[in-house]
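Down below is the structure, laid out as structure tokens.
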Amino acid sequence: MTREEALFKYTLRLGDNALILSQRLSEWCSYGPILEEDLAMTNFALDLIGRAQAFLGYAAQLEGIGNTEDTLAFRRSERQYYNNQIAELPNGDFGHTMVRQLFISSFEQLLFSQLRNSKDETIAAVAAKTLKEVKYHASHAGDWVIRLGDGTDESSRRVQQAVNAIWPYTAEQFEMDEVDSLLVAEGIAVDLQSLYADWKNHIAAVFAEAKIAMPGECYMQTGSRQGIHTEHLGHLLSEMQYLQRAYPDAKW
Amino acid sequence: MGNDQSTMVAPDELLARFDARTAAGDAIEAKDWMPDAYRKHLVRQMSQHAHSEVIGMQPEGNWVTRAPSLRAKQILLAKIQDEGGHGLYLYSAAETLGISRDEMIHQLHSGKAKYSNIFNYPTLNWADIGAIGWLVDGAAIVNQVSLQRTSYGPYSRAMVRICKEESFHQRQGYEIMTYMMRGTAEQREMAQDAMNRWWWPSLMMFGPHDGDSPHSADAFKWKIKRHTNDELRQKFIDKTVPQAELIGLKVPDADLKWNEEKQSYTYGKINWDEFHRVINGNGPCNKQRMEHHIKVHNDGAWVREAATAYKNKQNAQKTNLN
Ligand SMILES: [Fe+2]
Ligand SMILES: [Fe+2]
């Protein structure tokens, strides 16, 4: 694998993670438990679309075969997507969505604070902008996990269930492959494994305040680095890509 | 001060002063004395306005997950978010009249409060998103620009703020229609189909003809309303027809004609039977919109309860520490 190939794949992964989570969050539009939270989730979705545009646009440019951010988003199939599976998991209830957001945004906060110093200028610039947004996503989601965890019996039960259900999808975020190793050596990417301890400490602190039990050792789901996904991604894509696939000659 | 006065000054005298103030074009503020009928009229109108912003999120939200490009998705999401923000802002403005958001939502669910009839129509293809921005927001702007000078201060200020965003929405909607009309035959067909379905309901947004409009007399006297339904409708038609023609869309009205003498368009007969049928609950989406809102509200109850319970625990802890 060349440096260019690795950089393309790395950027694509960053873009896919943003794109797929933004699609999930946008499903909340008009479904929020309070109007303020409806708007907050749409706002996160908007931040993520912006990030997806930046990374997919850059990936298209690196690839250099005439793709654009839109053809990368709307014309690839399941097996060509490299987002972590956690991003594609269905929203579930509001507690579920906040737990997923906490797991992802806490990871991204660590990731982007290091990527700010990437030797790749484009990645560094997007990371700097993203970091501010991600910090807010992480603290907003953390606040809700605490409120729900330490709220009523029902909310505590629901949020604990969400934690148990999503937990097996958390470790994949820290998986390294050839792409990562090559780009870490170049000073472009981040050693993801080195972020895990800080991430887990942060999650443990939130859980302690939320009176939520940390799940025990369990099997961790994997596959997205090879383009293997949950069954959910295909449905998400068929909805998202409908117009582009049905009218391939149309410009929107 | 208003409230103190009311215990000392005779009701007739208060009403006379109020009438004089509104006639002179003074803004009425929340703390001022106002007749019950004025307060009731405003609560009805402002809560209906707030509910319309919120219910309107549903037909547009229907296309968020299927928007055809990243830019289109971003613009649509941001627009819907603006509308939700307008809802929040208008709920707060209405709360200055002594009604809570909970109570307003309760009235919406019980059918006592209404929302704009236009959102009882479905969004069936992507061009509907263009048509809503261009026609529905376009019609709303005409109405809201007129309301910027409405006599109730909090409402008028809300309108000033909201109008700025609405004109963005209108331009973005028109841009979608323009792209579609420049596109493939299928896209042009979608655009014309959307035009055909949204044109007449948009004209109905201004309400019945002036002779048939309830609630009007007091609203004019107190300067809540400053232009008649027909004046506003005419303004919208005159502004919109040339925009349609410019991009090659046909206005679905065989009787539409430019009147050189009046310097405006004459238009065909509005189907008021349809208008009344939809208002009375038999539009294509009335039940769907209301069931959606009620279900989401009920499904979210546990979240709101948890937030309250958490807050109470925190407050109790603080009190114990003091
Ligand atoms: Fe609005
Ligand atoms: Fe609008």
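Both backbone and side-chain heavy atoms feed into the values below; hydrogens, waters and symmetry mates do not. Chain A is the first sequence line, chain B the second, and so forth, proteins listed ahead of strands; every chain is numbered from 1. If you're wondering where the values come from, they're calculated on a predicted model, not measured in any experiment.
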_Interchain contact, A:Phe74 with chain B, by part (heavy-atom threshold 4.5 Å)_ = side chain

*asked:* What part of B:Glu186 gets within 4.5 angstrom of chain A, counting heavy atoms only: side chain, backbone, both, or neither?
replied: side chain

*Let me know if B:His292 has heavy atoms under 4.5 Å from chain A in its side chain, its backbone, both or neither.*
side chain

_Would you compute the distance between atom SG of A:Cys29 and atom CD of B:Glu83 and round it to the nearest 0.5 angstrom?_
10.5 Å

*Do you know which of B:Asn125, B:Leu88, B:Val64 has the most heavy-atom pairs with chain A at a distance under 4.5 angstrom?*
B:Leu88

*Pick whichever of A:Asp249, A:Leu236, A:Thr152 has the most heavy-atom pairs under 4.5 Å with chain B.*
A:Thr152

*Got B:Trp126 and A:Trp252 here, is their nearest side-chain heavy-atom distance under 4.5 Å?*
yes

*Do A:Leu243 and B:Trp63 have side-chain heavy atoms sitting under 4.5 Å apart?*
yes

_So if I take each residue of residues 31-41 of chain A and look for any heavy atom under 4.5 Å from a heavy atom in chain B, which residues do I end up with?_
A:Tyr31, A:Gly32, A:Pro33, A:Ile34, A:Leu35, A:Glu36, A:Asp38, A:Leu39

_B:Arg171, CZ: over 12 other non-hydrogen atoms inside 6.0 angstrom_ = yes

*Of all of A:Arg158, A:Lys251, A:Glu69, which one pairs up most often with chain B through heavy atoms under 4.5 Å apart?*
A:Arg158

*Output the option from A:Ser22, A:Ser155, A:Gly149 having the highest count of non-hydrogen pairs under 4.5 Å with chain B.*
A:Ser155

_chain A contact via B:Gln187 - side chain, backbone, both or neither, heavy atoms under 4.5 Å_ = side chain

*asked:* Looking at B:Tyr89, I'd like to know if its OH atom is crowded, meaning that more than 12 non-hydrogen atoms belonging to other residues, nucleotides or ligands lie closer than 6.0 Å.
replied: yes

_Heavy atoms from other residues, nucleotides or ligands near NE2 of A:His232 exceed 12 (cutoff 6.0 Å)_ = yes

*Do other residues, nucleotides or ligands put more than 12 heavy atoms under 6.0 Å from A:Glu209 CD?*
no

*Is the CG atom of A:Asp153 crowded by more than 12 outside heavy atoms at less than 6.0 Å?*
no

*Contact listing (chain A partner; residues 299-310 of chain B; heavy atom under 4.5 Å)*: B:Gly300, B:Trp302, B:Val303, B:Arg304, B:Glu305, B:Ala306, B:Ala307, B:Ala309, B:Tyr310

*asked:* Treating B:Lys313 as the side-chain partner and A:Asp150 as the backbone partner, does any N or O pair qualify as donor plus acceptor under 3.5 Å?
replied: yes

*Where on B:Arg101 is there a heavy atom nearer than 4.5 Å to chain A: the side chain, the backbone, both, or neither?*
side chain

_A:Gln23 side chain to B:Lys73 side chain, donor-acceptor N/O pair below 3.5 angstrom_ = yes

*May I ask you to test the A:Tyr247-B:Thr184 pair for a side-chain heavy-atom distance under 4.5 Å?*
no

Could you tabulate the donor-acceptor pairs under 3.5 Å formed by side-chain atoms of residues 124-132 of chain A, not counting sequence neighbours?
unit_1	atom_1	unit_2	atom_2	d
A:Lys129	NZ	A:Glu133	OE2	3.1
A:Thr130	OG1	A:Val126	O	2.8

*Residues of residues 52-60 of chain B contacting chain A, heavy-atom criterion under 4.5 Å, by residue number*: B:Val54, B:Met57, B:Gln58

*asked:* Is it the case that atom NE2 in B:His109 sees more than 12 heavy atoms from other parts of the structure closer than 6.0 Å?
replied: yes

*asked:* Measuring from atom CD of B:Gln81 to atom CG of A:Asn43, what distance do you get when rounded to the nearest 0.5 angstrom?
replied: 4.5 Å

*Taking atom types as modelled and ignoring hydrogens, do the side chains of A:Glu239 and B:Thr65 form a donor-acceptor contact shorter than 3.5 angstrom?*
yes

*Per-residue contact mode, A:Ala250 against chain B (heavy atom under 4.5 angstrom)*: both

*Can you say whether A:Gln244 sits under 4.5 Å from chain B via the side chain, the backbone, both, or neither, judging by heavy atoms?*
side chain

_Any heavy-atom pair between the side chains of B:Gln74 and A:Gln53 that's under 4.5 Å?_
yes

*Should A:Thr42 and B:Ile80 count as side-chain neighbours, where that means a heavy-atom distance under 4.5 Å?*
no

*Can you tell if the side chain of A:Leu19 reaches within under 4.5 Å of the side chain of B:Leu70, non-hydrogen atoms only?*
yes

